[in-house]
2 protein chains.
Amino acid sequence: MLLSKACIYGVRASLYMSLVYQKDRYISIREMSEKLNISFHFLTKILQQITHAGLMHSYKGPNGGINLSKDPNEITIIKIVDAIDGMAVFTECVIGLPGCGRNKPCPLHEKWAVARQELQDMFENTTLHEMAISSKKLNLRLSDELSIEELMI
Amino acid sequence: MLLSKACIYGVRASLYMSLVYQKDRYISIREMSEKLNISFHFLTKILQQITHAGLMHSYKGPNGGINLSKDPNEITIIKIVDAIDGMAVFTECVIGLPGCGRNKPCPLHEKWAVARQELQDMFENTTLHEMAISSKKLNLRLSDELSIEELMI
DNA sequence: TATATTTAAGACAAATTAGTCTTTAATAAA
DNA sequence: TTTATTAAAGACTAATTTGTCTTAAATATA
């Protein structure tokens, strides 16, 4: 698995947030957890990591919740990944050798360095806005059960 | 982490095996575990998975050990990965949605499908033989401490 | 045949990750 | 000011992965 479960849930939640994004509208974590079929408490903790990274902010009390702290076109998927799993997957040796790099490479380093850079580029060049647009256009899926259309009701 | 620790150790061990490969020579797991700095018992279990997959075979008793069951140029890294972690990483949805694919894709599917295919190609097109050759030529590293040259003594 | 050497197998323990539950704090609205 | 609603925080449990230990089985050699 490339991304941890926590990270996967974080990305799903971020995509959801971008779908329903309005500048001053807070989304209830409970509601989101139910729509995305993610445990409420687990999702809460994950979103805390994301808010601590400055990507979202939260508001307590009635009608409180979570909102993106910037416009979805300013947030790339890699920021979410970084907030939860960190950047290790894009920098580490594929066979886990400490210090593997141009200086003292492992046998797979040269090929892996290319592949992981492409992975990084992919996450870096994908904005939440872009994903929301194509999701709506193509009615893509964000949860096992609901289509995006159903999700946004 | 793309590959599990067990898988990482399995790949390191396979690369080691290809370095010292001779058709009828068994390599002691104990010796390999010491050279690669991997727990002997853990490595033993990992190698069992690899032998069960038919990629290596083992021999008990004095001068026993492990050997590749085919020539290193007939074994690709992906076979080792498959034997331990399975092929899920090359087939699964990056955000873990069951059934994600061309039919009912998640927002990241299109980009991810390309990236994961490139990953798969990389592992598929890399043979143990090829890695052994370049490792010897460039004195690459297979363990945190020892260079390939030191490893092969 | 007895002994030493080696892998196989499986029980067990430790560490990490995933997930749950309870209590606290902030805020809106009655 | 009281109550209801919401996120924050942290303790706790469960599951999975990683790693260790012990015993059994196979084999070579004396």
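These figures come from a predicted structure and were not determined experimentally.
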request  = Estimate the overall bend of the helix from C:dT1-D:dA30 to C:dA30-D:dT1 from the end axes over five pairs each, rounded to 10 degrees.
outcome  = 10°

In this structure, how many angstroms lie between the [atom2] atom of [N] and the [atom1] atom of [X], rounded?
X       : N      : atom1 : atom2 : value
B:Asn37 : D:dT18 : CG    : C1'   : 16 Å
A:Phe42 : D:dA9  : CZ    : P     : 17 Å
B:Asn63 : D:dT29 : CG    : C1'   : 10 Å
B:Lys60 : D:dT27 : NZ    : P     : 7 Å

Chain B contact limits on DNA chain C, taken 5' to 3' with a cut-off of 4.0 angstrom to heavy atoms = C:dT5 to C:dA11

ask   = What do the steps show when you test B:Asn37 against B:Ser143 for side chain to side chain donor-acceptor pair (under 3.5 Å), and what is the final call?
value = CA-CA 7 Å; B:Asn37 240 297; B:Ser143 91; 5.7 Å; no

message = Less than 4.5 Å apart, side chain to side chain, heavy atoms only: is that true for A:Leu119 and A:Phe90?
response = yes

query = Would you call B:Gln120 and B:Met87 a side-chain contact if the rule is heavy atoms closer than 4.5 Å?
reply = yes

task = Enumerate the residues from residues 7-33 of chain A whose closest heavy atom to DNA chain C is under 4.0 Å, giving them by residue number; use none for an empty result.
result = A:Tyr9

note = Here the residues of residues 44-58 of chain B within 4.0 Å heavy-atom distance, strictly under, of DNA chain C are B:Lys45, B:Gln48, B:His52, B:Ser58

inquiry  = Working note: B:Met1 + A:Val89, criterion side-chain contact (heavy atoms from CB on, under 4.5 Å); need CA distance, chi angles, decisive distance, verdict.
reply    = CA-CA 6 Å; B:Met1 204 157 43; A:Val89 74; over 6 Å; no

note = Ranking B:Ala6 and A:Ile66 by the position along DNA chain D of their nearest nucleotide, the one closer to 5' is A:Ile66

key: Nucleotide nearest B:Lys5 (side chain, heavy atoms from C-beta), chosen from D:dA28, D:dA7, D:dG19   = D:dG19

ask   = The side chain of B:His41 lies closest to which of these nucleotides: D:dT18, D:dA4, D:dT22?
value = D:dT22

Any donor-acceptor N/O pair, [X] side chain to [Y] backbone, under 3.5 Å:
X        : Y        : answer
A:Arg25  : A:Val20  : yes
B:Arg12  : A:Ile95  : yes
A:Thr76  : A:Asn125 : no
B:Arg141 : B:Leu146 : no

ask   = Can A:Ser147 and A:Glu150 be said to form a side chain to side chain donor-acceptor pair (under 3.5 Å), step by step?
value = CA-CA 5 Å; A:Ser147 72; A:Glu150 292 163 314; 3.2 Å; yes

ask   = Will you find, in the side chains of B:Lys111 and A:Thr126, an N or O donor that is under 3.5 Å from an N or O acceptor?
value = yes

ask   = Between A:Asp85 and A:Ser4, do the side chains contain an N or O donor and an N or O acceptor separated by less than 3.5 Å?
value = yes

inquiry  = For A:Ser4 and B:Gly65, find the nucleotide of DNA chain C closest to each by heavy atoms; which residue's nucleotide sits nearer the 5' end?
reply    = B:Gly65

ask   = Taking only residues two or more places apart in sequence, or in another chain, which ones meet A:Asp121 in a side chain to side chain donor-acceptor pair (under 3.5 Å)?
value = A:Gln117

ask   = With sugar-phosphate meaning primed atoms plus P, OP1 and OP2, does A:Gly61 contact a base, only sugar-phosphate, or nothing at under 4.0 Å between heavy atoms?
value = base

query = Between B:Met56, B:Lys79, B:His57, which is the residue that forms a side-chain contact (heavy atoms from CB on, under 4.5 Å) with B:Ile50?
reply = B:Met56

task = Each residue besides B:Tyr59 in its hydrophobic cluster should be listed here, by chain and number; the cluster joins Ile, Leu, Val, Met, Phe, Trp and Tyr at side-chain heavy-atom distances under 4.5 Å.
result = B:Tyr26

